Amino acid sequence: MLIDTDVLIWNLRGNEIAADLLDGSPGFILSTVSYMELVQGLRDKAELRLLRGALHGWQARVMQINEDISARATYLVEAHALSHHMQMADALIAATALHLGMPLVAANDRHYRHIDGLELEIFRP
């Protein structure tokens, strides 16, 4: 499964439901976009070490953007930016899930529920 940034943020805030989900899903995947969003929210290098340690402990894998993901994200922005305010980061994350053929676990389902073919698992903290 692909984990959206918001689920990881809930975990960092101490949410037990998010912690249980992540602890129970070793080997989950996150988009490099989510990883960069998390890093941008850190305060110092100590927090970066903690994040890296947590991802290592979960055996999480960061999926890099490739040509297929980029093309799918471009299509999603063209198709949904005007009607649903699709943002670039969300398009890249959704395109990653579509590319991998796996469900996207997200709390902000309004960002994704309009995307055809995307299997969305809604996380409620």
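None of the values given here were measured: they were computed from a predicted structure.
- Within the structure, the salt bridge (Lys or Arg N to Asp or Glu O under 4.0 Å) test picks out no pair touching residues 19-29 (sequence neighbours left out).
- Atom-to-atom distance recorded for R72:CZ and L118:CG is 10.5 Å, nearest 0.5 angstrom.
- Distance NE2/H85 to CZ/R110: 10.5 Å, rounded to 0.5 Å.
- Hydrophobic clustering (side-chain heavy atoms under 4.5 Å, transitive across Ile, Leu, Val, Met, Phe, Trp, Tyr) groups L22 together with L42.
- In this structure a side-chain-to-backbone donor-acceptor pair under 3.5 Å is missing from N108 to H111.
- How far CE of M86 is from CG of L76: 5.5 Å, rounded to the nearest 0.5 Å.
- The main-chain N or O of N66 is never found under 3.5 Å from a side-chain atom of S70 such that the two would form a donor-acceptor pair.
- No single ILVMFWY cluster, assembled from side-chain heavy atoms under 4.5 Å apart, contains both I29 and L51.
- With rounding to the nearest 0.5 Å, the separation of CD in E37 from OG1 in T5 is 3.5 Å.
- Applying the ring pair (Phe, Tyr, Trp, His ring centres under 6.0 Å) definition to pairs two or more places apart or across chains, those involving residues 36-83 are F28-W58, H80-H84, H80-H114.
- In this structure, L38 is not a member of the same hydrophobic cluster as L50, with clusters built from ILVMFWY side-chain heavy atoms closer than 4.5 Å.
- Screening L30, I93, I69, V33 against M63 for a side-chain contact (heavy atoms from CB on, under 4.5 Å) leaves a single residue, I69.
- Separating the CG atom in L8 from the CZ atom in R13 is a distance of 12.0 Å, to the nearest 0.5 Å.
- A distance-only check finds no donor-acceptor pair linking the side chain of E16 to the backbone of G14 [under 3.5 Å].
- Note: N15 CG to I9 CD1 = 12.0 Å, rounded to the nearest 0.5 Å.
- Within the 3.5 Å criterion, the main-chain N or O of G27 finds no donor-acceptor partner in the side chain of R61.
- The shortest side-chain heavy-atom distance between F123 and D4 does not fall under the 4.5 Å cut-off.
- Criterion: ILVMFWY side-chain heavy atoms under 4.5 Å apart, direct or through other members. Under it, M1 and I115 are not part of a common hydrophobic cluster.
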